[in-house]
Number of protein chains: 2
Amino acid sequence: MARPRSFDADTALAAAVDDFWDSGYGATSTDELCRSTGLSRSSLYNAFGSKRDLYLQAILRYAAEKQGQRADLLATDLDGRALLRVVLTTVLDEQWGDDDRRTCLMINACVEVGSSDEEVRRALADNADDFRRMIADVVRRGQLDGSLTDRATADQLAAVLHAAVDGLQVRSRIDRDRDPVDDAVSTLLTLL
Amino acid sequence: MARPRSFDADTALAAAVDDFWDSGYGATSTDELCRSTGLSRSSLYNAFGSKRDLYLQAILRYAAEKQGQRADLLATDLDGRALLRVVLTTVLDEQWGDDDRRTCLMINACVEVGSSDEEVRRALADNADDFRRMIADVVRRGQLDGSLTDRATADQLAAVLHAAVDGLQVRSRIDRDRDPVDDAVSTLLTLL
DNA sequence: ACCAATCTGGATCGATCTGTCCAGAACCCG
DNA sequence: CGGGTTCTGGACAGATCGATCCAGATTGGT
C-alpha cells in the first residue's frame, strides 16, 4: 500500500502514559510527548489524533495493564486476609518505589479532569469498578476461608477498602515517612 | 503616607482560592485571577508577589478556614459515633453540593504539586495533621462514651478514616450516583 | 521501474502564558 | 495646597502552547 510506520505505536503510547503520569494532562506539552516518544509532531498527530485523544488512549492502556496485574495477583493461593494485605501493600509499594511517589494515574485523572470529559470519566469509572470487583473477590475468599469478617458484604467492604487505599496514596504524596501509611493498612486489617 | 489600596486583599484572596479550587494551579491563568479578583495585573503582582506565592497564600487561607469549621463541629454535644458520621457526611455534602463536585483543594494540591514545592507540601501536611487530630478527638469521644470501638487507638482509627474520606472524595469526582458513597460511609461505621 | 499512497521533518500560525514596566492617577501628611 | 509615595491600568516582552501544513522521503503493488 504505502510507506509503513517507522515506530511502534504501543511503545510510543507507553511513553505517553509515563509523561501524563508524571505531569498530568495539562502540564504535559506536545513537545515533551514528541521528545519522549521520539516521534515528530506530524507522526504524533497522525497516529493519535490530538493531545486529548492521546490522553484517553494512554488512560485506556494504563487501565488495561493494571487489570492484567490484578488477575495475576488473584492467581495466588494465599488466604483472603493475606492476599488482601498483599493487594494493599502492592499498590503502596509501587508508589513509594517511585522517586516522585506518583499517585495512580487514575486518581490523578479523577482529580484533574473528573467528569469534564465523558469518555475519560467512563474509562476511569470502569477501571474503578474493575478494581473494586477484584478487591471484592479477595474479600469473598477471606469470608469463605474465615480469615475476614462477614459483618458486611464483600462488595461493601471492597468499597471501603478501595477508598482507603486511594486516600493513602494521596497522603503518600506529601508524607516523608511511610510508617504511618503502613500502620493505617494494619489498622484497617484489624477491623476486618 | 500614600495612596491606599482600592481593594480588600482577603476578598481577592478568597476569589483566588475559588479559581485554584476550580482549575488547579497550572490551569488557572493570571488573566483569570485578574478577572475573578477584579484586580489589574499590577495590583495582583504587587499584592501577592507571583502566581506561585498567591497559590501558597490561597492554600493557607483555605486551610485556616477549614480548621475553623472543624472547631465548630467539635463544639456540638453529639456522641462520638453520631458526630463521626456528621464529620464524614459533611465533607461529602460539601462536595456533592457543588456542581463540579470539586474535591477538597488540599487533595487537588497533593495530587498536582505533591512534594515539588516544600512550602506547599508543609502546608498540606499540616492541614492533614489537623484534620486527623480532629477526627481522633471525635473517635476518642466515641471510645469514652462507648459508641465506638477501641480495637485500635483513636489516632490509628483516625488515619484510616482520613484516608477513607479522601478516597471517597476522589471517587465522587467520577460517580454519578451518591448512594454508593453513602453506603461506604455506613459500612465504615459498622466496622467501628 | 514507476505510480499511488502514506509517513516524516520542520517551519509556521495564532493564541495564550507569566511577568515586567512605565506613565499617570490617587492619596496622606505636613 | 503641594510634595512624596504608593497604587493602578494597560501595553509590552519573551516564551510556550496545541495544531496545521507542505514538501520530500519511503514504501508496496503492478
Side-chain angles (χ1 to χ4, degrees), chain A residues 1-61 105 108-109 112-114 116-120, chain B residues 1-59 108-109 112-113 116-120:
Chain A
M1 304 289 284
R3 176 177 175 182
R5 280 188 176 146
S6 65
F7 62 90
D8 177 64
D10 189 66
T11 303
L13 188 53
V17 166
D18 211 56
D19 279 337
F20 286 128
W21 196 0
D22 268 336
S23 314
Y25 174 73
T28 300
S29 70
T30 51
D31 270 340
E32 165 59 23
L33 289 166
C34 289
R35 198 202 55 75
S36 71
T37 60
L39 307 195
S40 70
R41 305 184 79 70
S42 301
S43 303
L44 191 77
Y45 276 84
N46 184 46
F48 299 108
S50 69
K51 183 184 171 185
R52 179 266 169 196
D53 289 343
L54 175 54
Y55 185 63
L56 176 60
Q57 293 174 60
I59 284 188
L60 290 171
R61 187 189 193 278
L105 175 59
N108 298 354
E112 185 176 3
V113 313
S116 66
D117 183 314
E118 172 57 20
E119 282 188 294
V120 171
Chain B
M1 305 288 284
R3 177 177 175 181
R5 278 186 178 148
S6 64
F7 61 91
D8 177 65
D10 191 65
T11 303
L13 188 53
V17 167
D18 211 57
D19 280 338
F20 286 129
W21 197 0
D22 268 336
S23 314
Y25 174 73
T28 300
S29 70
T30 51
D31 271 341
E32 165 60 21
L33 290 165
C34 289
R35 197 202 57 73
S36 69
T37 59
L39 307 195
S40 69
R41 304 185 79 68
S42 302
S43 304
L44 191 78
Y45 275 84
N46 183 46
F48 299 108
S50 68
K51 182 184 171 184
R52 179 266 169 199
D53 289 343
L54 176 54
Y55 184 63
L56 177 60
Q57 293 173 62
I59 284 188
N108 298 355
E112 184 176 4
V113 314
S116 65
D117 184 314
E118 173 56 21
E119 282 187 294
V120 171

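All heavy atoms count here, side chains included; hydrogens, waters and symmetry mates do not. Residue numbers start from 1 in every chain, and the chains themselves are labelled A, B, ... in the order their sequence lines are given, proteins ahead of strands.
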Is there a donor and acceptor pair closer than 3.5 Å between the side chain of [X] and the base of [N]?
X	N	answer
A/S42	C/dG10	yes
B/R41	C/dG19	yes
B/T30	C/dC17	no

(request) Going by the side chain to side chain contact (heavy atoms under 4.5 Å, CB included) test, name the single residue among A/D53, A/L33, A/L13, A/T37 that passes it with A/F48. (result) A/L13
Nearest-angstrom distance from the residue atom [atom1] of [X] to [atom2] of [N]:
X	N	atom1	atom2	answer
B/R35	D/dG10	CZ	P	16 Å
B/N46	D/dT5	CG	P	16 Å
B/Y45	D/dA13	OH	C1'	13 Å
A/L39	C/dT8	CG	C1'	10 Å
A/F48	D/dA19	CZ	C1'	16 Å
A/F7	C/dT6	CZ	P	15 Å
B/R5	D/dG9	CZ	P	13 Å
B/E32	C/dT16	CD	P	13 Å

(request) Pick base, sugar-phosphate or nothing for B/S29, based on heavy-atom distances below 4.0 Å to the nucleic acid. (result) sugar-phosphate
(message) Is it the case that the side chains of B/D19 and B/T28 hold a donor-acceptor pair, with the cut-off being a distance below 3.5 Å and no angle test?
(response) no
(request) Ignoring backbone atoms, establish whether A/S43 has a side-chain N or O less than 4.0 Å from OP1 or OP2 of C/dC7. (result) no
(request) Could you tell me whether the phosphate oxygens of C/dT8, OP1 or OP2, come under 4.0 Å of any side-chain nitrogen or oxygen in A/S40? (result) no
(message) I'd like to know if A/R61 and A/D10 make a salt bridge, using a cut-off of under 4.0 Å between side-chain N and carboxylate O.
(response) yes
(message) Given 3.5 Å as the limit, does a donor-acceptor pair link the side chain of B/E112 with the main chain of B/G26, or not?
(response) yes
(request) Please state whether the rings of A/Y55 and A/Y25 are parallel, tilted or perpendicular, taking 30° and 60° as the class boundaries. (result) tilted
(request) Return the nearest nucleotide to the side chain of B/K51; candidates are C/dG19, D/dT8, C/dT8. (result) C/dG19
